[in-house]
Peer 1: 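Structure provided below as structure tokens; questions to follow.
Letters go in sequence order (proteins before strands), and every chain restarts at 1.
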Amino acid sequence: MSETDNIDQEVKKEEVISRNFIEQAIDKDLAEGVYDHVHTRFPPEPNGYLHIGHAKSILLNYGLAQEYHGQFNMRFDDTNPTKEKTEFVDSIKKDIQWLGADWEDRLFFASNYFEQMYEGAVKLISKGKAYVCDLSADEIREYRGTLTEPGKNSPYRDRSIEENLELFDNMKHGVYEDGTKVLRAKIDMASPNINMRDPILYRVAHMTHHNTGDTWCIYPMYDYAHPVEDAIEGITHSICTLEFEDHRPLYDWVVRELEYPHPPRQIEFAKMYLTHVVTGKRYIKKLVETGVVDGWDDPRLVSIAALRRRGFTPESIKMFVDMCGISKSNSSSDYAMLEYCIREDLKLKKSRVMAVLDPIKLIIDNYPEGQVEYLEVPNNMENEALGMRQVPFGRELYIDREDFMEEPPKKYFRLFPGNEVRLMHAYFVTCNSFEKDETGRITQIHCTYDPKTKCGTGFAERKVKGTIHWVPAEQAIKAQIRLYENIVDETKEVYDEEGNVNVNPNSLVTLTDCYVEPILNGATAPDSFQFVRQGYFCVDSKDSTPDSLVFNRIVSLKSSYVLPKNSKK
RNA sequence: UGGGCCAUCGCCAAACGGUAAGGCAACGGACUCUGACUCCGUCAUCUCAAGGUUCGAAUCCUUGUGGCCCAGCCA
């Protein structure tokens with residue numbers, strides 16, 4: 001193949017990378033001169049913790065700003081004081097920072113625009129486009145009509161502009177009780193789109209707001225506030241999820257009536273769903289309250305905090321979100337994709353060390369008692385840059401119970417009486433005998449080693465089929481290791497008839513008698529490793545201490561070998 | 001049975017009237033000091049269905065079918 005062919009191929013490859021529908025829309029806007037730049041935002045309400053679904057929106061908005069050399073704003077959509085807490089603004093900021101979406105100096109609060117929103121409302125009233133309505137909540141619902149029947153006009157719809165102005169001023173000044181008056185847009189009570197049937201713009205709520213305190217007793221509704229927020233900040237593309245499609249006509253109505261010179265444009269995309277996960281606030285709350293999980297950051301959950309504690313990296317989540325793509329079809333991504341992404345991200349970045357989860361002692365009968373040798377071992381055989389470490393080796397070791405069988409099935413490559421295997425990075429050993437306790441449980445394995453087979457000597461006279469990992473009995477560090485599976489029992493629906501999560505009984509297995517290589521001494525929270533032949537593990541940020549290590553299994557390694565069940569151990 | 005949106009491999013998802021990309025998963029095989037990784041191969045004669053337009057349709061038009069969203073003084 002010639003060099004030009006190569007180039008052609010690369011060009012073709014480039015062409016194949018297609019743009020999602022939002023990028024296509026932005027390209028078009030830019031080409032037609034609708035906008036000359038791109039400005040996006042992520043606007044959560046601080047009423048809970050962020051989860052993997054939010055990550056898609058965050059990364060989408062931030063990614064678009066980057067791609068088009070535009071800007072990305074962080075904005076708290078805090079227009080409803082009954083639901084919002086400062087606690088959540090802190091956790092949300094932390095999560096977004098961790099994900100790497102940088103809002104630079106553009107951190108905003110919708111509540112800081114209350115004055116402008118109020119002025120906008122006055123403008124709408126002055127234009128005859130909004131009115132104060134005295135109907136009760138129940139009455140408003142009745143007047144709204146149904147999906148199939150049109151609504152009917154409020155008896156207060158035709159109040160004079162002057163009266164509306166006065167009433168709205170009274171609303172602002174706390175003259176009315178909660179629920180007694182609202183400001184409504186005057187649009188069309190017969191619209192087939194229910195959102196256009198004179199939607200409520202402002203409600204009265206005598207309540208302390210986390211940011212504005214008691215300054216206000218009227219608060220704008222999302223449908224009015226959001227377009228105003230976007231317009232004030234100069235957002236060009238206001239990206240939200242599909243359920244707001246029906247609200248777009250109202251969004252456009254607001255920016256049109258308020259006569260913003262460069263109105264933002266709303267574009268909707270499909271939320272990310274993951275198979276077999278729990279994201280509902282009330283369900284998680286129940287799991288926390290009943291002690292099924294140990295908090296909103298329990299590693300079995302998919303909140304950003306939980307994923308972080310579980311050992312997922314921002315890079316892996318970005319990779320996952322990119323892999324899932326952007327579209328308008330409701331879909332549910334496979335958890336296996338997320339697992340692929342974290343394995344892929346950690347593969348070359350992390351040291352591969354040995355850990356024994358379920359130890360059995362292995363004694364090398366022909367190895368001198370009391371002798372210790374230090375083996376030079378690469379931290380990652382696929383990435384030399386990670387350097388080398390020393391692993392002590394001696395007469396007594398621990399190996400994993402799974403790696404020995406008294407009566408092995410066919411194709412069992414590990415240790416069994418008479419078989420020779422390689423101790424990873426060390427020597428070949430052959431099993432001579434083993435010991436059992438009264439219950440028949442194997443307690444010790446005796447081997448002999450062949451000094452000629454030491455790793456690194458280039459020994460090639462014979463080969464072994466199996467390589468097993470080990471840890472030196474004397475120097476290994478004891479650790480607790482937690483193996484996680486999905487919190488949801490995947491053989492059932494996510495929720496049962498009573499609305500409880502069908503909890504997987506094996507979602508957490510805590511192993512307290514594990515041993516890890518001495519190099520892991522002092523490992524702390526964000527550290528993670530590959531435990532060779534087992535998976536990727538991280539130090540638990542909540543429960544691990546320097547002298548009592550706790551590791552979380554992030555994800556297991558893939559395996560094409562299934563250990564036969566019911567065979568003797 | 002009002003309005004809006006969606007439908008392409010087990011799961012995501014391209015294709016924009018020119019003859020069904022890619023990834024994940026799965027399954028073979030090679031390699032292997034991780035039963036991992038890597039590599040090679042297999043995996044939609046067909047795009048929800050039925051008609052129609054066209055030399056040519058996943059793409060356009062009909063008519064159906066299925067799914068999601070909307071009747072908060074939530075966002």
Peer 1: Given the structure, check if the side chain of A:Glu268 and the base of B:C5 hold any donor-acceptor pair shorter than 3.5 Å.
Peer 2: no

Peer 1: Which part of the nucleic acid, if any, lies within reach of A:Tyr340 when heavy atoms closer than 4.0 Å are counted: base, sugar-phosphate only, or nothing?
Peer 2: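 It contacts sugar-phosphate atoms only.
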
Peer 1: Counting only side-chain N and O atoms of A:Lys347, is one of them less than 4.0 Å from OP1 or OP2 of B:U38?
Peer 2: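 For B:U38, OP1 or OP2 has a side-chain N or O of A:Lys347 closer than 4.0 Å.
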
Peer 1: One thing to verify: whether A:Glu229 and A:Arg75 come together as a salt bridge, which I'm taking to mean a side-chain N less than 4.0 angstrom from a carboxylate O.
Peer 2: yes

Peer 1: Reckon A:Arg422 has a side-chain N or O less than 4.0 Å from the OP1 or OP2 of B:G35?
Peer 2: no

Peer 1: According to the 5.5 Å centroid and 30° plane-angle thresholds, does A:Tyr561 stack upon the nucleobase of B:G35?
Peer 2: yes

Peer 1: Is the shortest side-chain N/O distance from A:Tyr222 to OP1 or OP2 of B:C74 below 4.0 Å?
Peer 2: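 Checking B:C74 against A:Tyr222, no side-chain N or O comes under 4.0 Å of OP1 or OP2.
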
Peer 1: Looking only at side-chain N and O atoms, does A:Lys558 come under 4.0 Å of OP1 or OP2 in B:A26?
Peer 2: yes

Peer 1: Counting the benzene-type ring for Trp, do A:His209 and A:Phe114 have ring centres under 6.0 Å apart?
Peer 2: yes

Peer 1: Answer yes when A:Arg462 and A:Glu420 have at least one side-chain N-carboxylate O distance shorter than 4.0 Å, and no when they do not.
Peer 2: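 Salt bridge flag = yes for A:Glu420 with A:Arg462.
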
Peer 1: Could you tell me if the side chain of A:Arg184 sits less than 4.5 Å from the side chain of A:Ser154, heavy atoms only?
Peer 2: yes

Peer 1: Round to a whole Å and report the spacing from CE of A:Met381 to C1' of B:C31.
Peer 2: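 For the pair A:Met381 CE and B:C31 C1', the rounded distance is 14 Å.
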
Peer 1: Less than 4.0 angstrom between a side-chain N/O of A:Thr79 and OP1 or OP2 of B:A75, yes or no?
Peer 2: yes

Peer 1: Do any side-chain nitrogens or oxygens of A:Ser329 fall under 4.0 Å of OP1 or OP2 in B:C5?
Peer 2: no

Peer 1: In whole Å, what is the span from the CZ atom of A:Arg184 to the C1' atom of B:G72?
Peer 2: 13 Å

Peer 1: Looking only at N and O atoms, is any donor in the side chain of A:Arg141 or the base of B:G72 less than 3.5 Å from an acceptor on the other one?
Peer 2: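 Under the 3.5 Å cut-off, the side chain and the base do not form any donor-acceptor pair.
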
Peer 1: What is the distance, rounded to the nearest whole Å, between atom CD of A:Glu382 and atom P of B:C39?
Peer 2: 10 Å

Peer 1: Could you work out the separation of B:C12 and B:C6 based on their C1' atoms and round it to a whole Å?
Peer 2: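 Result for the C1' pair: 15 Å, nearest Å.
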
Peer 1: Look at A:Lys454 together with A:Glu373 and state whether they make a salt bridge at an N to O cut-off of under 4.0 Å.
Peer 2: yes

Peer 1: Taking 4.0 Å as the cut-off, does a side-chain nitrogen or oxygen of A:Ser18 come that near to OP1 or OP2 on B:A13?
Peer 2: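 Checking B:A13 against A:Ser18, no side-chain N or O comes under 4.0 Å of OP1 or OP2.
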
Peer 1: Contact class for A:Ala336 (heavy atom, under 4.0 Å): base, sugar-phosphate, or nothing?
Peer 2: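 If one applies the 4.0 Å heavy-atom cut-off, A:Ala336 turns out to touch the sugar-phosphate alone, with no base involved.
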
Peer 1: Could you tell me whether the phosphate oxygens of B:G35, OP1 or OP2, come under 4.0 Å of any side-chain nitrogen or oxygen in A:Arg533?
Peer 2: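 Yes, because at least one side-chain N or O of A:Arg533 sits under 4.0 Å from OP1 or OP2 of B:G35.
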
Peer 1: With a 4.0 Å limit, can you tell me whether A:Arg144 has a side-chain N or O closer than that to the phosphate oxygens OP1/OP2 of B:C73?
Peer 2: yes

Peer 1: Where does B:G66 land, syn or anti, once you apply the within-90°-of-0 test for syn?
Peer 2: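 Chi for B:G66 falls in the anti range.
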
Peer 1: Please round to the nearest 0.5 Å and tell me the distance separating atom CD1 of A:Ile140 and atom SG of A:Cys133.
Peer 2: 4.5 Å

Peer 1: For A:Arg248, answer base if it contacts any base atom (sugar-phosphate contacts may also be present), sugar-phosphate if it contacts only those atoms, and nothing otherwise; contact means non-hydrogen atoms under 4.0 Å.
Peer 2: nothing

Peer 1: Where the side chain of A:Leu147 is defined as all heavy atoms beyond and including C-beta, which of B:C73, B:A71, B:C5 is the nearest nucleotide?
Peer 2: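 Ranking B:C73, B:A71, B:C5 by closest atom to the A:Leu147 side chain puts B:A71 first.
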
Peer 1: Please give the distance between the P atoms of B:U38 and B:U47 as a whole number of Å.
Peer 2: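 To the nearest whole Å, 34 Å.
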
Peer 1: Check this one for me: any side-chain N or O of A:Ser559 less than 4.0 Å away from OP1 or OP2 of B:G35?
Peer 2: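 No, because none of the side-chain N or O atoms of A:Ser559 sits under 4.0 Å from OP1 or OP2 of B:G35.
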
Peer 1: Output the rounded distance in Å from NE2 (A:His209) to P (B:A75).
Peer 2: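 These atoms are roughly 10 Å apart.
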
Peer 1: Is any side-chain N or O of A:Gln24 closer than 4.0 Å to OP1 or OP2 of B:A15?
Peer 2: yes

Peer 1: For the pair made of CG in A:Asp78 and C1' in B:C74, what is the distance, rounded to whole Å?
Peer 2: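 In whole Å, B:C74 C1' lies 14 Å from A:Asp78 CG.
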
Peer 1: What is the distance, rounded to the nearest whole Å, between atom CD of A:Gln534 and atom P of B:G35?
Peer 2: 11 Å

Peer 1: On the nucleotide B:A36, are OP1 or OP2 found under 4.0 Å from the side-chain N or O atoms that A:Ser560 carries?
Peer 2: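 Yes, because at least one side-chain N or O of A:Ser560 sits under 4.0 Å from OP1 or OP2 of B:A36.
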
Peer 1: Assess whether one donor atom and one acceptor atom, taken from the side chain of A:Asn330 and the base of B:G67, lie less than 3.5 Å apart.
Peer 2: no

